[in-house]
Amino acid sequence: MKAIAKVRPEPGVEIIDAPEPQIQPGMVKIKLEAASVCGTDLHIYSWDPWSASRIKPPRIIGHEFCGTIVEVGEGVDDRKVGDFVSSESHIVCGKCRQCLSGQGHVCVNTRILGVDVDGGFANFVVIPKDNARPTDRSVPVKIAAFQDALGNAVHTVMGGPIEGQRILITGMGPIGLFSVTICKALGAEQVVATEISPYRIDLARKVGIDAVLNPKETDVPKALAELAPGGFDATLEMSGHPSQLALAIEHTRPGGRISMLGVFKENVQPVDINRVIFKGIDLQGIAGRRLWQTWDQMAELHRGGKLNLDPVITHVMHYTEFQKAMELMQAGEAGKVVFTFEE
Ligand SMILES: [Zn+2]
Ligand SMILES: [Zn+2]
């Protein structure tokens, strides 16, 4: 079969001929229908310090994908051949204190598809059956491909109440954009965002943001104070930029919450942490997706039919065009890039 892999410890990825993975007990074999490119894949492609220290080539990359089960391993009785499934990228141990108390999303032994084990940018992939999440066929293939990333947004948004609330989202990358439409679907009163990229500002408008502020052009603190006097009920931090965390602390109302998903490049310079204390703000770290609550909530959102995800899918291309996909992403000229796997 063909696969996109990191072959050598250096920048770039390439298409290789790889043997089809063999079924194993407790696992399922999936024939790929679509996959999508994540920021993590870009880190691996550019071979930054994180990926250089973590990845052991040769490694087939890709952790956001969907397809049909073509074979089930010994002992698998709740997945069957023909099931349409989406990937959950975190393989958890099921044995640590977190796993045993329903907090598998922060399992200390987590292995990630396409990072620590071979992933799904390939014609076939074999993964643990629990990581193959049954998905209704009414969910389009190009959306089912990125439920792992959509789940990050669902987890962040649903970290607290949304209906009737005023929400600030700092950063309009794909997960921020997903969060806008999720907030709207759940009945948020107002959704406001900050973003500097004109390309992403345009996408934010297409998914239905109420207002999007560009710090390069607008006095953001002043505009936020006018838009939400007294502050926002919740801020979803999706930029990983220290200035936006400071903004979040300032513009979240007393007693509100800040849910943090954006990963910071380095340790954040001191923010006014006493403001968090005296405003009684809930500062919440968001990792992965709750297993499996987030997946159930996501299925419910799909059924509700109110998610407006299409504008975020800016490119659909054949997986053999991966080079172009990586370049578009690196240039910041893409939302979600989806790969198809037709022969
Ligand atoms: Zn991802
Ligand atoms: Zn565990």
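In listed order, ligands and their atoms are each counted from 1.
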> Just give me the atom name: the N, O or S atom of E64 closest to the Zn ion (ligand 1).
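In E64, the heteroatom (N, O or S) nearest the Zn ion (ligand 1) is OE2.
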> NE2 (H63) to the Zn ion (ligand 1) to SG (C38): angle, nearest 10 degrees?
100°
> Salt bridge (Lys or Arg N to Asp or Glu O under 4.0 Å), that's the test. Do K184 and D210 meet it? Break it down for me.
CA-CA 10 Å; K184 286 285 182 180; D210 293 310; 2.8 Å; yes
> Kindly check if the number of other-residue, nucleotide or ligand heavy atoms within 6.0 Å of CD (E14) is above 12?
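More than 12 within 6.0 Å, yes.
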> Would you confirm whether the ring centroid of F146 sits within less than 6.0 angstrom of the ring centroid of F178?
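Close enough - the centres of the two rings lie under 6.0 Å apart.
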> Suppose we only count N/O/S atoms under 2.8 Å; would D148 qualify as near the Zn ion (ligand 1)?
no
> Report yes or no: is the cationic atom of R289 (NZ for Lys, CZ for Arg) under 6.0 Å from the centre of the six-membered ring of W295, at an angle within 45° of the ring normal?
no
> Have a look at the Zn ion (ligand 2) and estimate, to 10 degrees, the angle subtended by SG (C96) and SG (C107).
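SG of C96 and SG of C107 make an angle of 110° at the Zn ion (ligand 2), to the nearest 10°.
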> Report, rounded to 10°, the angle at the Zn ion (ligand 2) between the two atoms SG (C93) and SG (C99).
120°
> Using a 6.0 Å cut-off, check whether atom NE2 of H302 has over 12 heavy atoms from anything other than its own residue.
yes
